[in-house]
Chemist: 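My questions will all concern the structure given below.
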Amino acid sequence: MKAYTKQQLALRNGQDKPEIWVAFKGTIYDVSASRLWKNGKHYEHWAGQDLTNELKDAPHTEKVFQKFESIGFLID
Ligand code: HEM
């Protein structure tokens with residue numbers, strides 16, 4: 001798996017580049033195929049960042065990531 005910096009991840013916010021990526025517990029997932037992440041927005045959350053600490057606000061568990069391919073991991 002490839003390593004990406006926060007800056008590289010930030011470009012995958014659904015606005016600056018076509019890819020829509022979200023980091024969770026150090027792993028980056030490609031959620032581009034999801035209707036629920038259209039244009040990089042998921043309820044009040046934006047893609048292109050680490051949303052580990054925000055999962056507690058969600059009505060679901062981390063199981064939602066299971067169907068998405070992990071495309072890399074996040075480094076500083
Ligand atoms: C206000 C907070 C949030 C709300 C209301 C919300 C709501 C939802 C709902 C209703 C679904 C579809 C049903 C389900 O799978 O349970 C979903 C799916 C999902 N959520 Fe959230 N969510 C929130 C926060 C988050 C956060 C912080 C993350 C990332 C850490 C996240 C990641 C996902 C993912 C990856 C999916 C699967 C999308 C798909 O299957 O296409 N959500 N969310």
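Note that these values count all heavy atoms, side chains included, but never hydrogens, waters or copies made by symmetry. Counting begins at 1 with the first residue of the sequence. For ligands, and for the atoms within them, numbers begin at 1 and follow the listed sequence.
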Chemist: Return the closest protein heavy atom for atom 40 (O) of ligand 1 as residue, atom name and distance.
Modeler: Lys67 NZ, 2.7 Å

Chemist: Taking Gly14's backbone N and O only, do any of them form a donor-acceptor pair with Lys17's side chain (distance below 3.5 Å, no angle check)?
Modeler: no

Chemist: Counting distance only, does the side-chain N/O of Ser70 pair as donor-acceptor with the main-chain N or O of Tyr29 below 3.5 Å?
Modeler: no

Chemist: Which atoms form the tightest heavy-atom contact between Trp37 and Trp46, and what is the distance?
Modeler: CZ3-C, 4.2 Å

Chemist: Considering only heavy atoms, which of Ala58, Pro59, Ala47 lies nearest to atom 6 (C) of ligand 1?
Modeler: Pro59

Chemist: Output the distance between atom OG1 (Thr61) and atom CD (Gln66), rounded to the nearest 0.5 Å.
Modeler: 7.5 Å

Chemist: Check whether any N, O or S atom of His60, backbone or side chain, sits closer than 2.8 Å to atom 21 (Fe) of ligand 1.
Modeler: yes

Chemist: Which atom names give the shortest non-hydrogen contact between Gly72 and Met1, and what distance separates them?
Modeler: N-SD, 3.6 Å

Chemist: So if I count the atoms of ligand 1 from 1 in the order they appear, which ones are less than 4.0 Å from some heavy atom of Glu44?
Modeler: 1 (C)

Chemist: So, for Asp57 and His45, which heavy atoms are closest and what is the spacing to 0.1 Å?
Modeler: OD2-CE1, 4.3 Å

Chemist: Just to be sure I read this right, does ligand 1 sit under 4.0 Å from the backbone of Leu36, its side chain, both, or neither, counting only heavy atoms?
Modeler: side chain

Chemist: Using a 4.0 Å heavy-atom threshold (strictly under), name the region of His45 that reaches ligand 1: side chain, backbone, both or neither.
Modeler: side chain

Chemist: What is the nearest protein non-hydrogen atom to atom 28 (C) of ligand 1, stated with its residue, atom name and distance?
Modeler: Trp37 CZ2, 4.1 Å

Chemist: Which atoms form the tightest heavy-atom contact between Ile20 and Asp30, and what is the distance?
Modeler: O-OD1, 3.3 Å

Chemist: Identify, for atom 36 (C) of ligand 1, the protein heavy atom at the shortest distance, and state residue, atom and that distance.
Modeler: Val64 CB, 3.5 Å

Chemist: I'd like to check which ligand 1 atoms, numbered from 1 as shown, lie under 4.0 Å from a non-hydrogen atom of Glu54.
Modeler: 27 (C)

Chemist: Any non-hydrogen side-chain atom of Asn39 less than 4.5 Å from a side-chain atom of Gln15?
Modeler: yes

Chemist: Less than 4.0 Å between atom 13 (C) of ligand 1 and some protein heavy atom, yes or no?
Modeler: no

Chemist: What atoms of ligand 1 come within less than 4.0 Å of a heavy atom belonging to Ser34?
Modeler: 38 (C), 39 (C), 41 (O)

Chemist: Please state which part of Tyr29 comes within less than 4.0 Å of ligand 1, counting heavy atoms only: side chain, backbone, both or neither.
Modeler: neither

